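See below for the structure under consideration.
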Amino acid sequence: MRLHVEDVGSGPVVVLIHGFPLDHTMWAEQLNAWPGYRVIAPDLRGYGRSAPTEDTLYTIDQLADDVLDTLDAMGVTRPFVLGGLSMGGYVALSIAERRPERLRGLILLDTRAEADSKEGEMNRIRTVEQIEAGGGDTSSFVAGMLPKLLASDASSHRPMVVEKVHAIMNRAPAQAVTATLLGLAARPDRTAILPKITVPTLVLVGEDDAITPPAGARTMAEAIPGATLVVIPQAGHLAPLENPGATNAAIESFLKSLPR
Ligand code: MLT
């Protein structure tokens with residue numbers, strides 16, 4: 001399906017895929033950060049300005065195909081740099097495995113290659129049941145997830161970021177949230193593809209990321225040939241929002257290091 005995208009600047013393309021349950025506005029500080037590049041940030045199906053579909057489960061591969069279909073429709077045919085945060089990283093790894101010829105670089109932010117544990121899977125299914133039992137009310141899911149996304153001192157140090165993330169999560173439609181939760185629970189383990197990645201890769205993680213902690217990011221970076229790991233200070237799971245300065249600088253030096 002054709003997704004809504006923000007499409008800013010001109011030059012080599014950098015595609016940025018948002019995390020769950022967010023939308024392209026999480027990249028507000030990145031859209032204009034790198035003059036000389038064209039930054040394309042889609043809203044995945046059901047989020048932001050992209051309509052939900054009827055499916056009860058959105059697979060990660062479906063979300064990835066939506067991104068590729070949209071880029072095809074936009075005429076983006078040359079290899080691009082693909083960045084994804086958390087769920088966006090799962091989508092990026094799906095593309096890296098199934099359509100590696102589309103990529104010239106990969107940026108994995110606050111993400112992992114492993115599938116859910118059995119317990120993680122059960123928690124997602126329980127959350128879906130709770131949302132459905134509440135007639136589509138996502139407020140307790142949002143209230144429970146928000147503090148895990150940000151560094152523990154975020155509410156005192158960065159109240160505007162907390163407010164912004166809360167607002168984005170609140171506007172995610174229940175239909176998209178439940179279909180995505182089931183897709184996240186069903187996603188495959190992609191650790192086996194990490195050693196086969198041949199494009200330059202940057203792995204970036206917030207030092208206080210409680211969902212995909214730095215130790216896991218280090219293991220992932222070590223498994224990808226030649227990958228660079230950057231740990232972002234004063235940031236949790238949402239490094240691009242919590243510390244855009246350090247995140248943007250790390251991405252800029254990665255972009256400049258790529259062969260043209
Ligand atoms: C995300 O930020 O996209 C989510 O934390 C991903 C997940 O729940 O696995």
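Here the structure is a predicted model, which means the values were calculated and not measured. Every number for a ligand or one of its atoms is a count from 1 in the order of the listing.
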Exercise. Does a salt bridge link Asp23 with Arg49, judged by any charged N lying under 4.0 Å from a carboxylate O?
Worked result: no
For this session: Would you check the N or O atoms of Arg124, main chain and side chain alike, for any that come under 3.5 Å of an N or O of ligand 1?
Result: yes
Exercise. Any Lys/Arg nitrogen of Lys256 or Glu252 sitting under 4.0 Å from an Asp/Glu carboxylate oxygen of the other?
Worked result: yes
For this session: Nearest 0.5 Å please: distance from the CG atom of Leu93 over to the OG1 atom of Thr111.
Result: 6.5 Å
Exercise. Any N/O of Leu85 closer than 3.5 Å to an N/O of ligand 1?
Worked result: no
For this session: Pull out every atom of ligand 1 sitting under 4.0 Å from any heavy atom of Ser86, numbered as shown with elements.
Result: 1 (C), 2 (O), 3 (O), 4 (C), 5 (O), 6 (C)
Exercise. Which atoms of ligand 1 have any heavy atom of Tyr90 under 4.0 Å away?
Worked result: 6 (C), 7 (C), 9 (O)
For this session: Tell me which part of Met145 gets within contact of ligand 1: side chain, backbone, both or neither, using heavy atoms under 4.0 Å.
Result: side chain
Problem set entry | Sub-4.0 Å atoms of ligand 1 with respect to non-hydrogen atoms of Gly19 | 3 (O)
Exercise. Which one of Lys148, Met87, His237 has a non-hydrogen atom at the shortest distance from atom 5 (O) of ligand 1?
Worked result: His237
Exercise. Between atom OG1 of Thr201 and atom CD1 of Ile107, what is the distance when rounded to the nearest 0.5 Å?
Worked result: 9.5 Å
For this session: Could you tell me whether the side chains of His237 and Asp209 share a donor-acceptor contact shorter than 3.5 Å?
Result: yes
Exercise. Is the closest side-chain donor-acceptor distance between Thr53 and Arg45 under 3.5 Å?
Worked result: yes
For this session: Give yes if a backbone or side-chain nitrogen or oxygen of Arg187 is under 3.5 Å from a nitrogen or oxygen of ligand 1, and no if not.
Result: no
